[in-house]
Number of protein chains: 2
Amino acid sequence: MRADAKRNRDKIVEVAREVFKERGMDAPLDEIAKRAGVGPGTLYRHFPTREELHDAVMQAWVERVNEYADKALAHEGGPRGQLLAWFTEYVALLTAHKGAAARITCSLGMPDSPIRTKCEIYAAANARVLDTLAEQGALRADVENLQVARLVGGVASVADQAELGGEQIEPMLAVIADGILAD
Amino acid sequence: MRADAKRNRDKIVEVAREVFKERGMDAPLDEIAKRAGVGPGTLYRHFPTREELHDAVMQAWVERVNEYADKALAHEGGPRGQLLAWFTEYVALLTAHKGAAARITCSLGMPDSPIRTKCEIYAAANARVLDTLAEQGALRADVENLQVARLVGGVASVADQAELGGEQIEPMLAVIADGILAD
DNA sequence: ACCTGAACACCGTTCAAGT
DNA sequence: ACCTGAACACCGTTCAAGT
């Protein structure tokens, strides 16, 4: 990759992050091109689909998922407190960019999604938290990690689109937690 | 309303129902106008926003919600069976039109949504099922009907967008049920 | 090899002219 | 009072011409 190409690519991703943050994940692409000082064709050369640009933008996002998983596992309040901490942090992360929650959640477990990389990292972090708790015998035997990921992602999607506050989200996450914790 | 206007309106709704069913809730509007044999301006006169057309199309949908609530309450298998029956039927109904689940769910509890009428009817049916079970002491004291509606709607949204099958949906609904049933 | 930007396509929305 | 359809606007996508 030529130096000017790399500079353009980086600039596009940087600007896209801002624009997606401000106006949501389906903001006009030519606004991004304009602000980045490139022609629309350049944006298309680097990112043939909107999803590929999403993927690049969410790179930073993903690096924090593992941090959050660790923090949740270190949380006091036993398995229930840890589960809730994890769910809460994850929903917060997902709803940081409007429109991201639904996209990521519906790509979970789809091996050929364009944002596959991000999904795998989240799925791994989620599995790490759940497996840790399962080893302690804290969870029902029949819960699958993917199902839990989709449930929490569903809450995040609804919260994102309906613009719910934390006090509305918390009790929904508690229902999910109670549904998977061993009696 | 003049007779020809009414005829046009009815035809638009009828065609819109087919087109939304075939191509999802954000299918091109001028395809609907074309198939209904009217100019685009006529469609706009009757339905100034896409949401208002959605609302008209979902009228039939909504009439079946109450039927389903009754069926679920008559279900055998005790409170858990009844809850699951209700959730399952509701998700099936919501995912019948691609894109409808997320729209309806995120409008729940928003008094000035354009599809408010539909949401209220669903919320009422949901409340009827949950209240009946609560009177029997089958549910935890602190579950709010709206939260449950959003949880199930979240599952429906994810199932809709990821095109999940019933065998993937069922265990997620079971988690929600277990999360709200009294121990 | 990469970029630009004019050109095209698609679709939502408006409105002047018609009945 | 209602309808039509041309016209406009917006935005995604392509590609010939440039460096």
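Chain letters run A, B, ... following the sequence lines, proteins first and then strands; every chain starts at 1.
- Minimum atom distance to the side chain of A/V38 is reached by C/dT4, of the listed C/dC11, D/dC3, C/dT4.
- Remark: D/dC3 base-pairs with no nucleotide in the shown strands. Criterion, Watson-Crick or G-U wobble with two distances under 3.5 Å.
- More than 12 heavy atoms of other residues, nucleotides or ligands lie within 6.0 Å of NZ in B/K98, so this atom counts as buried by the packing criterion.
- Whole-Å rounding puts the B/L43 CG to C/dT14 C1' distance at 14 Å.
- The side chain of A/T42 sits closest to C/dC3 out of D/dT13, C/dC11, C/dC3.
- Relative ring orientation between B/F20 and B/H54 is described as perpendicular, the plane-to-plane angle rising above 60° on a 0-90° scale split at 30° and 60°.
- Phosphate proximity of C/dC3 to A/N8: present, with a side-chain N or O under 4.0 Å from OP1 or OP2.
- Look at A/H46 and you won't find any side-chain N or O under 4.0 angstrom from OP1 or OP2 of C/dC2.
- Looking at the side chain of A/R2, the nearest of the listed nucleotides C/dA6, C/dG12, C/dC2 is C/dC2.
- For A/D30, the listed nucleotide lying nearest its side chain is D/dG12; candidates were C/dT13, C/dC3, D/dG12.
- Mapped onto DNA chain D by nearest heavy atom, B/G39 and A/D26 fall at different nucleotides, with B/G39 at the one closer to the 5' end.
- Closest to the side chain of B/P28, out of C/dA6, D/dG12, C/dC11, is C/dC11.
- The number of heavy-atom neighbours closer than 6.0 Å to CD of A/E63, taken from other residues, nucleotides and ligands shown, is above 12.
- Each of D/dG12, C/dC3, C/dC11 was ranked by its minimum atom distance to the side chain of A/D4; first place goes to C/dC3.
- Other residues, nucleotides and ligands contribute more than 12 heavy atoms inside 6.0 Å of the CZ atom of B/R140.
- Between C/dT14, D/dG12, C/dC2, one nucleotide has an atom nearer to the side chain of A/R45 than all others, and that is C/dC2.
- In a base pair of the Watson-Crick type (N1 to N3 plus N6-O4 or O6-N4) or a G-U wobble (N1-O2 and O6-N3), with each distance short of 3.5 Å, C/dA17 is matched with no nucleotide.
- The only member of A/V148, A/V155, A/I169, A/V129 that meets side chain to side chain contact (heavy atoms under 4.5 Å, CB included) when paired with A/F87 is A/V148.
- Within the shown strands, D/dG12 is the pairing partner of C/dC8 under the Watson-Crick or G-U definition, both distances less than 3.5 Å.
- Ranking D/dC3, C/dG12, C/dC2 by closeness to the B/A5 side chain, first place goes to D/dC3.
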